[in-house]
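Reading through the structure tokens given below for one structure.
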Amino acid sequence: MDIITVTVADNMSESARNKLENAIKQKLCAASSVVFETDPKLLGGFIISYGNTVYDYSVLSRLETAKAALTEEARNNA
Amino acid sequence: MDFSKIPFDLVINILNIVVLFLIVRLLAYKPIRKFLDARRQKLDDEKAANEKIKAEAEEKKAEYEALLRNSEDAANEKKNEILVDAQNRADEIIASARDTAKNIVAEAEKAAKEQKADALRSSAEGIAQVAVGVAERILSRNVTDADTKALVDEFIKDISEE
């Protein structure tokens, strides 16, 4: 059985976890086992990993993307 | 005719003078004339020799003067060439110095612009990092369950469209 690892922030509610687990089993693989891990550094959201595939919906990645975009914009406008 | 009245002494004197004249003319005139001619010839030769020497000296003098003039002309020409070369060299040095100064100024301006751009870039990047840091602190306290569920919905929507 495939194992799907879901890393979540420590502030994720149980209902949100259930909603996410159901979506994973419906959309990705129903026969997989979903394992939740907690990482406070994510700030919010989650990261789904299985095999070589990663879905990153964490607030941390959004912030990193925003930071990169802002820095690039600052460099271009300087 | 009465010859007794003729002054005999006078006749004798006249005859003496005539005989003397003839003797002197016969004996002395030619040698003296020859001597005088020879002397005149010698003087003429010396005069001609002197004139020849004088002419040669004049010719030499003219040659030397011409040579001197040529030397002065050559010296003046050389002097002018040196002055022109020196002026050209000075112009080249001045032009080169101006180019060098212009390049130094241009490089300094370029470096100043680059430093200004670097400073602005660093400042802007710093501001961006500060903004992201502030957002991170705010989000760490304010991410709600609704926000998380919105991310779940976004995931569901994305995975459905794949």
Side-chain angles (χ1 to χ4, degrees), chain A residues 4-30 32 34 36 38-51 53-78, chain B residues 93-162:
Chain A
I4 298 177
T5 304
V6 181
T7 306
V8 300
D10 55 359
N11 56 1
M12 192 176 211
S13 68
E14 194 62 33
S15 62
R17 285 191 186 209
N18 291 333
K19 185 176 181 180
L20 179 58
E21 186 174 356
N22 290 334
I24 289 169
K25 288 190 171 179
Q26 284 179 9
K27 304 292 182 183
L28 294 181
C29 182
S32 298
V34 178
F36 281 89
T38 302
D39 184 355
K41 286 188 287 186
L42 294 185
L43 299 175
F46 52 89
I47 299 173
I48 301 168
S49 309
Y50 71 101
T53 306
V54 175
Y55 295 99
D56 190 344
Y57 287 80
S58 67
V59 173
L60 178 64
S61 72
R62 303 293 168 97
L63 272 176
E64 292 293 337
T65 303
K67 182 179 177 181
L70 273 174
T71 304
E72 184 65 24
E73 187 70 16
R75 282 181 185 158
N76 292 335
N77 290 333
Chain B
I93 290 170
I94 290 170
S96 175
R98 281 181 181 153
D99 287 344
T100 304
K102 194 185 288 181
N103 289 338
I104 289 170
V105 170
E107 285 179 6
E109 287 177 349
K110 184 181 174 187
K113 281 182 182 175
E114 286 176 355
Q115 285 182 356
K116 182 182 176 184
D118 285 345
L120 285 172
R121 200 177 297 121
S122 297
S123 175
E125 287 175 11
I127 290 169
Q129 288 179 359
V130 168
V132 171
V134 170
E136 189 176 334
R137 281 197 294 276
I138 292 170
L139 286 172
S140 66
R141 292 191 300 265
N142 297 327
V143 174
T144 64
D145 194 48
D147 297 326
T148 304
K149 285 180 177 173
L151 286 169
V152 172
D153 291 337
E154 185 181 336
F155 164 69
I156 294 169
K157 182 185 173 193
D158 291 344
I159 207 73
S160 298
E161 290 174 353
E162 282 185 358

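The structure displayed is predicted, hence computed values, not measured ones. Chain identifiers are assigned alphabetically (A, B, ...) following the order of the sequence lines, protein sequences preceding nucleic acid strands; residue numbering begins at 1 within each chain. Computation of the quantities below employed the complete heavy-atom set of this structure, encompassing side-chain atoms and omitting hydrogens, waters and symmetry-equivalent molecules.
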Contact winner vs chain B - A:Gln26, A:Glu72, A:Lys19, heavy-atom pairs under 4.5 Å: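 Between A:Gln26, A:Glu72, A:Lys19, the count favours A:Lys19.
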Per-residue contact mode, A:Leu42 against chain B (heavy atom under 4.5 angstrom):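 No part of A:Leu42 comes within 4.5 Å of chain B.
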Under 4.5 Å from any heavy atom of chain B - which part of A:Tyr57: both
Looking at A:Thr7, A:Asp56, A:Val8, which one forms a side-chain contact (heavy atoms from CB on, under 4.5 Å) with A:Phe46?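 Of all the options given, the one that passes is A:Val8.
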May I ask you to decide if B:Ile156's main-chain N or O and B:Ser160's side chain share a donor-acceptor pair within less than 3.5 Å? yes
Looking only at heavy atoms and a cut-off of under 4.5 Å, which of B:Asp147, B:Thr144, B:Thr148, B:Ile159 has the most pairs with chain A? B:Ile159
Closest non-hydrogen atom pair, A:Ala9 against A:Thr38: C-CG2, 4.2 Å
After noting the C-alpha distance and the side-chain angles of B:Phe155 and A:Lys27, does the key distance pass the side-chain contact (heavy atoms from CB on, under 4.5 Å) rule? CA-CA 10 Å; B:Phe155 164 69; A:Lys27 304 292 182 183; 5.7 Å; no
